[in-house]
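The structure under discussion appears below in the form of structure tokens.
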Amino acid sequence: MAKKYKLTRIDKAGFNAKTEARFSINYENELNPAQFEAVKSVEGAYLLIAGAGTGKTRTLVYRVARLVEMGYDPKSILLLTFTRKAAREMMNRAALLLDNRCSKINGGTFHSFANLTLRKYAKDVGLNSGFIILDQGDSEDVINLIRGQLNLQELKKRFPNKQTIFKVLSLSVNTGRKIEEILEIDYPHFAKFTDQILEIEKIYQSYKKQNSLLDYDDLLIYLRKFLFDLSPGAKNLLSTIKFVMVDEYQDTNKLQADIVQGLAQNHNNVMVVGDDSQSIYSFRGANFKNIMDFPNLFENVEIIKLEENYRSTQSVLNFANYIIDHAIEKYEKHLFTRKPFGELPAIVSAATENMQSRFIVDKILELREEEVPLSDIAILFRNSYFSFDLEIELNKANIPFVKFGGMKFVETAHVKDVLAFMRIAANPKDFVSWYRILLLHEGIGPKKAQMILDEISQNKIHFKSNPDAIAERSSFGEKLYQLFVLLHDLHSKKETPAEKAMQAIKYYDPLFMNKYDDFNKRKKDLEVFVNIAENYRSLDSFLADMALEPPQDTVTDVEAEDKENEKLVLSTIHSAKGLEWHSVFIIHALEGMFPSGQSYESIEALEEERRLMYVASTRAKQNLFVSYPMNIFDRFQGVTISKPSRFIQGISDELAEEWLLEEEF
């Protein structure tokens, strides 16, 4: 009688679950069930939806280690990330987890991989292997050279600068949108120059080709072409790559998604990792549809979801889940944690923006007393200018801070310009401010500005007396007449700082529009400037507060700083992605600001605003405060009543507490 042999079920990875014992790492024990499922998934196409704080990096690191332990050649594993730092960190962690073989995998950014590949297979794509890579500054300089050769001054109209032109050309390449469309939608005031910009683009491409130059976008364009042309070189490369892994897939643009498809076209072994709910970089060309459409790009895509969060309390997660549950298009997921429930998030309504700022300062000082380090507290905002009023209050309270994603209020060039007018009104001998203002005027360069400063320093001309006398006293009188009228009024009239600011901005407007291509985006900053000035009755105290910085350290302070080197974090939400803090404040959560007014034009833009609120909320580990001022100052409409952001309006008291701030008299 024949001996019976019972076949056991083989899983997708091609080995029996009982063989886990052959691994030196106890993967099942080290990972949660969803993470383990992702790590033991080997051949095939996988979409790993990794919710905020769910251990995405850990999962990738363990998968690399497991593939190496299974005997796959490390060089056959390609890990694509968005920063070199992320790739290095994953490879180092995998090497520490297993052994040094993990550091031999192909890991890097899309651009670094493209560079190495194109140099190796240059002939297949018609390139010189010694091509030079242009960085963004180099590319802008080439564009400026071409711009200068086209005699654009004959147009006698304001033409976009080199940075703007490069931005338009790059956005077109990365999104697949036509230059004409980008100009029409994003830069309507330059749409009349479409023909000239298309001409610049044509010459730019030709210049690069003639001189063996590639910019960052070219690296991806040539790599995509190489992969899909399937030359002998491309076939050779693809035969060496067995597994493709991509981190932060929700941030990929059209070009990068095509490249991923090209890399996995032979073997279909691809795992992309990302979170559709954290897709917030459309302004850089990232395409939300890439992650949503991924299951249609490959055969039999398996979706694995990481939902166990290791960062936040359940009360914070419930709030974040509520926000994203209302998204129109998403992968369904529900973040949960084994941590204690924690304090409910607070929705804080303040009468004014300044009261919002003072509340945050008070709360930060309270948290500091509770021994929460300043560096573990963050104030997050949709736009950089939302924090300007708060920065002044933090300086007053001597709370040190660092700001990411945008410049500090008084460092923005257009705010510096307006401040210069007001500084001269307060101090006619402020020659630094004089120089800045004079150079704003057409026909006045450094040489002429210096000659005018000489006349001012010698009291040959000044605005304290009637400005009409200037024309007779100076050879520059005609050109400067209106400026001196303004400065005379700012200096002599008894007006509030806000009134003086509005007068200065009215004069500055045409100069401002001439100086900045993106003046329409910067306008809001000037409104905020007036809004801040509303809190002051004296010009001197306003200027003093605007210039306030924490005092210079003494030797004793420096020694103490070594033990306690901490600063509060102020950050745009875009710059805060991937980070976490004990306590998080989200400010200006009101309609027209968050979501921004511009997002009302399309459902896609509004949905990205929702994802921004989700990203901001999930940065908090313990405390979450979402605040908004009920009254906002608009320099055209005066004080207007605001509505809380649609993302928090009507939220149940089971998910968040409502706080109403009151003045203490």
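Between Phe542 and Phe529, the distance separating the two ring centers is shorter than 6.0 angstrom.
Checking Tyr385 against Asn531 by side-chain atom types alone, no donor-acceptor pair falls below 3.5 Å. One side chain, Ser277 or Lys333, offers a donor N or O that lies under 3.5 Å from an acceptor on the other.
Looking at residues two or more places apart in sequence or on another chain, you find a salt bridge (Lys or Arg N to Asp or Glu O under 4.0 Å) between Glu248 and Lys56, Lys577. Every residue two or more places apart in sequence or in another chain that forms a salt bridge (Lys or Arg N to Asp or Glu O under 4.0 Å) with Glu30 is listed here: Arg58. With sequence neighbours left out, Lys330 forms a salt bridge (Lys or Arg N to Asp or Glu O under 4.0 Å) with Glu332. Glu89 meets the salt bridge (Lys or Arg N to Asp or Glu O under 4.0 Å) test with Arg93; sequence neighbours excluded. Take Phe336 and apply the side-chain contact (heavy atoms from CB on, under 4.5 Å) test, not counting sequence neighbours, and it matches Glu307, Glu308, Gln314. Partners of His414 according to the side chain to side chain donor-acceptor pair (under 3.5 Å) rule, which considers only residues two or more places apart in sequence or in another chain, are Arg522, Asp525. By the side-chain contact (heavy atoms from CB on, under 4.5 Å) test, Asn354 is found to be paired with Thr352, Arg358, Asp389, Glu393, Asn535, residues two or more places apart in sequence or in another chain being considered. Partners of Arg611 under the side chain to side chain donor-acceptor pair (under 3.5 Å) rule, at least two apart in sequence or in another chain, do not exist in this structure. Residues that satisfy the side-chain contact (heavy atoms from CB on, under 4.5 Å) test with Asn290, not counting sequence neighbours, are Tyr249, Thr252, Ala257, Asn287. Taking Ser312 as the reference, Asn309, Val316, Leu317 meet the side-chain contact (heavy atoms from CB on, under 4.5 Å) condition, with sequence neighbours excluded.
Side-chain atoms of Leu335 and Tyr614, non-hydrogen and from C-beta on, do get closer than 4.5 Å to each other. Looking at Ile399 and Leu365, their side chains come closer than 4.5 Å, going by heavy atoms from C-beta outward. Side-chain contact check for Lys403 versus Ser384: some heavy-atom pair is nearer than 4.5 Å. Using a 4.5 Å heavy-atom cutoff, the side chains of Val273 and Thr59 are not in contact. Taking the side chain as every heavy atom from C-beta outward, Ile49 and Ile291 approach each other to under 4.5 Å. Looking only at side-chain heavy atoms (C-beta outward), Arg368 and Leu374 come within less than 4.5 Å of each other. Considering only heavy atoms from C-beta on, Asp417 comes within 4.5 Å of Tyr516 through its side chain. By the 4.5 Å heavy-atom criterion applied to side chains, Glu609 and Leu612 are counted as neighbours.
Among all heavy-atom pairs drawn from Pro345 and Leu655, the shortest one is CD-O, 3.3 Å. The two residues Leu490 and Ala425 have their closest heavy-atom pair at CB-CB, 3.6 Å. The two residues Arg619 and Ala52 come nearest to each other via the heavy atoms NH2-CB, 3.8 Å. In this structure, Ala350 and Leu661 approach most closely via the heavy-atom pair CB-CD1, 3.6 Å. Looking at every heavy atom in both residues, Ala87 comes nearest to Gly107 through CB-C, 4.1 Å.
Between the side chain of Gln250 and the backbone N or O of Asp275, at least one donor-acceptor pair lies under 3.5 Å. The closest donor-acceptor contact from the side chain of Thr109 to the backbone of Thr81 lies at 3.5 Å or more, if one exists at all. Checking side-chain atoms of Ser315 against main-chain N and O of Phe341 turns up a donor-acceptor pair under 3.5 Å. Between the side chain of Lys567 and the backbone N or O of Pro400 there is no donor-acceptor pair closer than 3.5 Å. Looking at Gln356, its side chain does come within 3.5 Å of a backbone N or O of His588 through a donor-acceptor pair. Between the side chain of Ser571 and the backbone N or O of Ala378, no donor-acceptor pair lies under 3.5 Å. The closest donor-acceptor contact from the side chain of Asn383 to the backbone of Phe386 lies at 3.5 Å or more, if one exists at all. In this structure, the side chain of Lys339 engages the main chain of Arg311 through a donor-acceptor pair within 3.5 Å. Side-chain N or O atoms of Thr83 include one that pairs as donor or acceptor with a backbone N or O of Ala86 at under 3.5 Å. For Asn174 (side chain) and Ser170 (main-chain N/O), a donor-acceptor pair under 3.5 Å exists by modelled atom type.
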Please assess Val361 against Leu394 for the test side chain to side chain contact (heavy atoms under 4.5 Å, CB included), listing each intermediate value before the final yes or no. CA-CA 6 Å; Val361 168; Leu394 290 169; 3.9 Å; yes
Taking it one step at a time, do Asn253 and Tyr281 satisfy side chain to side chain contact (heavy atoms under 4.5 Å, CB included)? CA-CA 9 Å; Asn253 59 35; Tyr281 293 116; over 6 Å; no
Please assess Asn161 against Thr164 for the test side chain to side chain contact (heavy atoms under 4.5 Å, CB included), listing each intermediate value before the final yes or no. CA-CA 6 Å; Asn161 63 28; Thr164 304; 3.0 Å; yes
Go through it in stages, so that I can follow the logic: the residues are Phe113 and His111, the test is side chain to side chain contact (heavy atoms under 4.5 Å, CB included), and I'd like the CA-CA distance, side-chain angles, deciding distance and then a yes or no. CA-CA 5 Å; Phe113 174 72; His111 291 92; over 6 Å; no
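Only one option out of Val569, Thr572, Leu380 pairs with Phe404 in a side-chain contact (heavy atoms from CB on, under 4.5 Å); it is Val569. Put simply, the residue from Phe585, Trp581, Phe319 that forms a ring pair (Phe, Tyr, Trp, His ring centres under 6.0 Å) with Phe625 is Phe585.
Rounded to the nearest 0.5 Å, atoms NE2 (His574) and CZ (Phe283) are 4.5 Å apart. To the nearest 0.5 Å, atoms CD1 (Ile573) and CD (Gln278) are separated by 12.0 Å. To the nearest 0.5 Å, atoms OG (Ser139) and OH (Tyr216) are separated by 8.0 Å. For the atom pair CE (Met245) and CE (Met90), the distance works out to 8.0 Å, reported to the nearest 0.5 Å. In this structure, OG in Ser645 is found 8.5 Å from CZ in Arg610, a value given to the nearest 0.5 Å. Considering OG of Ser103 and CZ of Arg88, their distance stands at 13.0 Å, rounded to 0.5 Å.
With respect to the salt-bridge test (charged N to carboxylate O, under 4.0 angstrom), the residues Asp251 and Arg284 do not qualify.
Remark: Lys167 NZ is loosely packed, at most 12 non-hydrogen atoms of other residues, nucleotides or ligands lying under 6.0 Å away.
The salt bridge (Lys or Arg N to Asp or Glu O under 4.0 Å) analysis of residues 583-592, with sequence neighbours excluded, yields the pairs Glu591-Arg646. Pairs of residues two or more places apart, or lying in two chains, that qualify as side chain to side chain donor-acceptor pair (under 3.5 Å) and include a residue from residues 649-660 are Glu657-Trp659.
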